[in-house]
Amino acid sequence: MSQYLDSVMETVIKRNAGEVEFHQAVKEVLETIEPVLAKYPEFEKAKIVDRIVEPERQIMFRVPWVDRNGEVQVNRGFRVQFNSAIGPYKGGLRLHPSVYLGIIKFLGFEQIFKNALTTTPIGGGKGGSDFDPKGKTDLEVMNFCQSFMTELFRHIGPDTDVPAGDIGTGAREIGFMYGQYKRLSNTFTGVLTGKGLQWGGSLARTEATGYGLVYYATRMLQDAGTDWTGKKVVISGSGNVAIYANQKATSLGAKVIAMSDSNGYVVDEAGINLDVVKEIKEGRRGRIKEYIDAVPSAQYVEGCRGIWTVPCDIALPCATQNEINGDEAATLVKNGVKFVAEGANMPSTPEAIATFQGNGVAFGPAKAANSGGVATSALEMSQNSMRLSWTFDEVDQKLHGIMNAVYDQCTSAAEEFGMKGNLVAGANIAAFLKVAKSMMAQGVV
Ligand code: NDP
Ligand code: 2IT
């Protein structure tokens, strides 16, 4: 890194003490944009990088609610409105006990660049809470969501900030939050995405992140002269992204042989039966180990990280950040993995990325590969503004076109800046350029 970028990184670490995931996300971007700053010295003069690493606004608030025993619970809510250079803040809400400011800031920072790649006009933001929806009753989840929105509603709006789902926030939570927003604001607007299909949601939004991931990975396969047919695929997680990545990859001829949740993983050499997974996860909110009750020939192994010891051609990490470390990446490489595309946000540690790239594994970074979800959220916003709904095929085709455009931006930026084939550098550079030029045009704000 140049001296200037080094000094920005130092300030980030000092100013955001202890927020290690945020430091990691910033470092990865700063490490790849040096040639851009060399070509555009005006960016350094205007302190674009110093500004881009500082959220425009961050909101933290108390979320009190009453549980099923009548006891008062207190959670912490977050919304980080990171960058609005190219559009209203846009990004999901994560509900998971591990959430703290550093997680939301890493996700918000990534979101700026991801959203820039989608070709749609959306800025970057992220939010959430350390509330754990697991094991809660619907009523408890509603109590929490209503309390959360009672504070959040004053900070968001269809032209200001449009939240959506992420880990722990699915259709049920978006419904409860939307209801409370509508009640408080007395408006029916596109203030959240991932809404129910009967009340403003977009067809194909549920499938979009997983499908988009597979469309992006298809281009990686094509560039290597191959396709999905007969490929063995390992997918971590068994949530929204993992399920629809499985569905699309399987429909293109791949065999998905393993999936997981935070407790363990299942291996089914015959190919995972997705109907069973959907029934467990979307139906009864169960655990992946229940898969072997329905498919006794499959194997369940306790401990989620072991999934990376399952030999495969293609790995799609779709659970959470830092779920593949350097050693696990080395095991994947030793077992013959040729392609890795990230469905989750920042699932590979820097050591894992270096291991993949250093061993000829094609590597598709999260902010490009999983951008289909938020891109389709932007399509939901468009439909809401027009008060029209497109068909599933119309949305899916637009999504497919967007993923191709995202891929093309990554490859051409990498090539232009002398790092041909490096999709990490390509994604960071293409996205940074778009945001930086917009910030330059809008003055010091
Ligand atoms: P879900 O809540 O639907 O599913 C999350 C899955 O990941 C579950 O199987 C969960 O297991 C597992 N998981 C979560 N946290 C951990 C953890 N700490 N350790 C091990 N496993 C874990 O979330 P999504 O599918 O929506 O999100 C998955 C990833 O994709 C996240 O990184 C998210 O940020 C990213 N993403 C999501 C998008 C979307 O549109 N939903 C868009 C782009 C990225 P368990 O049930 O045991 O917790
Ligand atoms: O990480 C992500 O891109 C998401 N969770 C989706 C955000 C959105 O606004 O659809």
Side-chain angles (χ1 to χ4, degrees), residues 21 87-99 103-104 106-115 117-118 120 122-128 132-135 156 161-174 190-195 201-202 204-213 216 235-246 259-266 277 280-282 285-289 303-307 316-324 342-348 366-381:
E21 297 84 1
Y89 310 108
K90 181 85 196 84
L93 296 169
R94 178 173 293 191
L95 301 181
H96 194 271
S98 62
V99 164
I103 294 273
I104 300 300
F106 116 65
L107 290 163
F109 185 74
E110 289 277 295
Q111 202 82 44
I112 304 170
F113 302 97
K114 179 195 309 197
N115 294 5
L117 291 172
T118 64
T120 64
I122 43 178
K126 200 86 186 190
D132 185 0
K134 265 202 218 97
I156 62 177
D161 183 355
V162 182
D166 193 78
I167 290 177
T169 306
R172 175 182 61 173
E173 291 73 19
I174 292 292
V191 71
L192 296 173
T193 58
K195 298 185 290 300
S202 174
R205 175 63 189 88
T206 303
E207 294 82 357
T209 312
Y211 279 23
L213 172 66
Y216 188 90
I235 301 180
S236 64
S238 47
N240 173 263
V241 180
I243 285 174
Y244 292 97
N246 180 331
M259 292 181 83
S260 63
D261 61 22
S262 59
N263 293 111
Y265 65 98
V266 285
V277 176
I280 296 168
K281 290 290 170 180
E282 295 181 339
R285 298 180 188 275
R287 308 304 302 161
I288 200 72
K289 72 168 169 229
C304 57
R305 300 196 76 122
I307 195 169
L316 303 176
C318 294
T320 194
Q321 65 278 350
N322 293 328
E323 57 169 313
I324 308 181
E342 297 185 317
N345 285 305
M346 207 167 76
S348 312
K367 58 173 81 69
N370 76 28
S371 62
V374 75
T376 307
S377 279
L379 300 178
E380 183 169 325
M381 290 164 70

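Both counts, for ligands and for their atoms, begin at 1 and track the order of listing.
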State the CZ-OG1 distance between Arg94 and Thr169, to the nearest 0.5 angstrom. 9.5 Å
Minimum side-chain heavy-atom gap Met259-Ser236 below 4.5 Å: no
Does a side-chain heavy-atom distance below 4.5 Å link Arg287 with Lys134? yes
Output the set of protein residues with a heavy-atom contact under 4.0 Å to ligand 1, ordered first by chain identifier and then by residue number. Arg94, His96, Lys114, Lys134, Asp166, Ile167, Gly168, Arg205, Thr209, Gly237, Ser238, Gly239, Asn240, Val241, Ser260, Asp261, Ser262, Arg287, Cys304, Cys318, Ala319, Thr320, Gly343, Ala344, Asn345, Asn370
Please tell me if the side chains of Leu93 and Asp166 come closer than 4.5 Å, counting only heavy atoms from C-beta onward. no
Is the shortest side-chain heavy-atom distance between Phe106 and Asn345 below 4.5 Å? yes
Hey, are Lys90 and Thr193 close enough side-chain-wise for a donor-acceptor pair under 3.5 Å? yes
Please assess Glu323 against Arg305 for the test salt bridge (charged side-chain N to carboxylate O under 4.0 Å, His left out), listing each intermediate value before the final yes or no. CA-CA 7 Å; Glu323 57 169 313; Arg305 300 196 76 122; over 6 Å; no
Residues lining ligand 2 [heavy-atom distance under 4.0 Å, listed by chain and residue number]: Lys90, Gly91, Gly92, Gln111, Lys114, Lys126, Ala164, Gly165, Asp166, Arg205, Asn345, Gly373, Val374, Ser377
Glu110/Lys367 ion pair, N-O < 4.0 Å: yes
Check this for me, if you would: do Asp261 and Lys289 make a salt bridge, where the nitrogen-to-carboxylate-oxygen distance has to be below 4.0 angstrom? no
